[in-house]
Asker: 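Questions regarding the structure given below will be posed in turn.
When a ligand or atom number is given, it counts from 1 through the structure's own listing order. Residue numbers run from 1 in the order of the sequence given. Computed from a predicted model, the values in this text were never measured in an experiment.
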Amino acid sequence: MDDPLRIGVLVSGVGSNLKAILDAVEKKELRAEVGIVISNKKGVQALDRARERGVKAIHLDPAAYKSISDYESEIIGLLKEARVEWVVLAGYMKIVSETLLSAYPGRILNIHPSLLPAFPGLRAQEQALKYGVKIAGCTVHLVDSGLDSGPVIVQAAVPVLENDTVESLRDRILQKEHQIYPMILKWISEKRLNVEGRKITLRPPATSSGPDLVNPGEGR
Ligand code: GRF
């Protein structure tokens with residue numbers, strides 16, 4: 001059996017998606033290890049959530065670096081030291097530059113609270129309410145150099161209700177986020193994602209190719 005998937009999570013805030021991932025690991029629904037959590041913001045709840053579970057959690061202040069490239073080089077050093085294979089952006093409120101993208105090509109995920117390509121960028125739930133859409137949702141995608149523009153892996157939809165506020169819609173979408181992010185990481189840990197340009201498909205789960213231990217004589 002392969003080693004558990006090594007994940008590094010970049011955060012900036014509450015960390016409810018990080019919690020969903022850590023819960024899935026703890027319940028053994030996801031065969032992975034969160035090797036490190038890095039925040040660009042100081043004192044955020046996401047860092048506490050990581051530390052409570054014994055996960056290394058670090059605040060790195062972007063203002064302390066000359067450039068975004070220097071900042072990301074420091075992040076890459078920490079990710080590599082933690083033997084991270086996949087980088088998971090979970091409420092990370094910073095644009096990822098070419099430095100990090102080229103260190104983890106095709107191996108950076110983001111979750112966005114809209115059905116992309118609708119409503120990229122900040123305050124997606126507010127944009128959806130203002131526009132008057134009747135269906136909202138969330139998207140997990142691979143990160144590329146654009147703003148919320150990488151290939152889509154999975155989307156989940158929720159209804160927009162007549163009396164919705166930004167908060168009520170955000171909470172309804174978050175419930176879906178917490179389901180799909182660990183689910184996709186599980187697929188990645190099982191090497192089931194098939195990426196062909198923008199088209200991402202899911203391979204069926206691998207079947208055991210070893211000997212049939214229940215009925216060893218069968219098939220002879
Ligand atoms: C989520 O809505 C996510 O889609 C967006 O930022 C929010 C992060 O929430 N990228 P949390 O920090 O995981 O609670």
Asker: Could you walk me through whether Glu29 and Lys186 satisfy the salt bridge (charged side-chain N to carboxylate O under 4.0 Å, His left out) test, starting with their C-alpha distance in whole Å, then the side-chain angles of each, then the deciding distance to 0.1 Å, before giving a yes or no?
Answerer: CA-CA 8 Å; Glu29 290 163 4; Lys186 181 173 171 9; over 6 Å; no

Asker: Taking it one step at a time, do Asp2 and Lys191 satisfy salt bridge (charged side-chain N to carboxylate O under 4.0 Å, His left out)?
Answerer: CA-CA 10 Å; Asp2 289 339; Lys191 301 188 168 50; 3.0 Å; yes

Asker: With a 4.0 Å cut-off, would you call Asp23 and Lys27 a salt bridge?
Answerer: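 Looking at Asp23 and Lys27, the cut-off is not met.
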
Asker: Name all pairs fulfilling the ring pair (Phe, Tyr, Trp, His ring centres under 6.0 Å) condition that reach into residues 171-199, sequence neighbours left out, sorted by first residue then second.
Answerer: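 Pairs touching residues 171-199 that pass the test: none.
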
Asker: Can Glu162 and Lys134 be said to form a salt bridge (charged side-chain N to carboxylate O under 4.0 Å, His left out), step by step?
Answerer: CA-CA 9 Å; Glu162 280 179 8; Lys134 306 301 180 203; over 6 Å; no

Asker: Quick check for students: name every N or O atom pair between ligand 1 and the protein closer than 3.5 Å, with distances.
Answerer:
| from | atom 1 | to | atom 2 | distance (Å) |
| --- | --- | --- | --- | --- |
| ligand 1 | 2 (O) | Glu177 | OE1 | 3.4 |
| ligand 1 | 2 (O) | Glu177 | OE2 | 3.0 |
| ligand 1 | 4 (O) | Ile111 | O | 3.4 |
| ligand 1 | 4 (O) | Glu177 | OE1 | 2.9 |
| ligand 1 | 4 (O) | Glu177 | OE2 | 3.2 |
| ligand 1 | 10 (N) | Ile111 | O | 2.9 |
| ligand 1 | 12 (O) | Gly15 | N | 2.8 |
| ligand 1 | 13 (O) | Ser16 | N | 3.3 |
| ligand 1 | 13 (O) | Asn17 | N | 2.9 |
| ligand 1 | 13 (O) | Asn17 | ND2 | 2.9 |
| ligand 1 | 14 (O) | Ser16 | N | 2.8 |
| ligand 1 | 14 (O) | Ser16 | OG | 2.5 |

Asker: Is any NZ, NE, NH1 or NH2 atom of the basic residue among Glu167 and Arg172 found under 4.0 Å from an Asp or Glu carboxylate oxygen of the other?
Answerer: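 No, Glu167 and Arg172 are not salt-bridged.
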
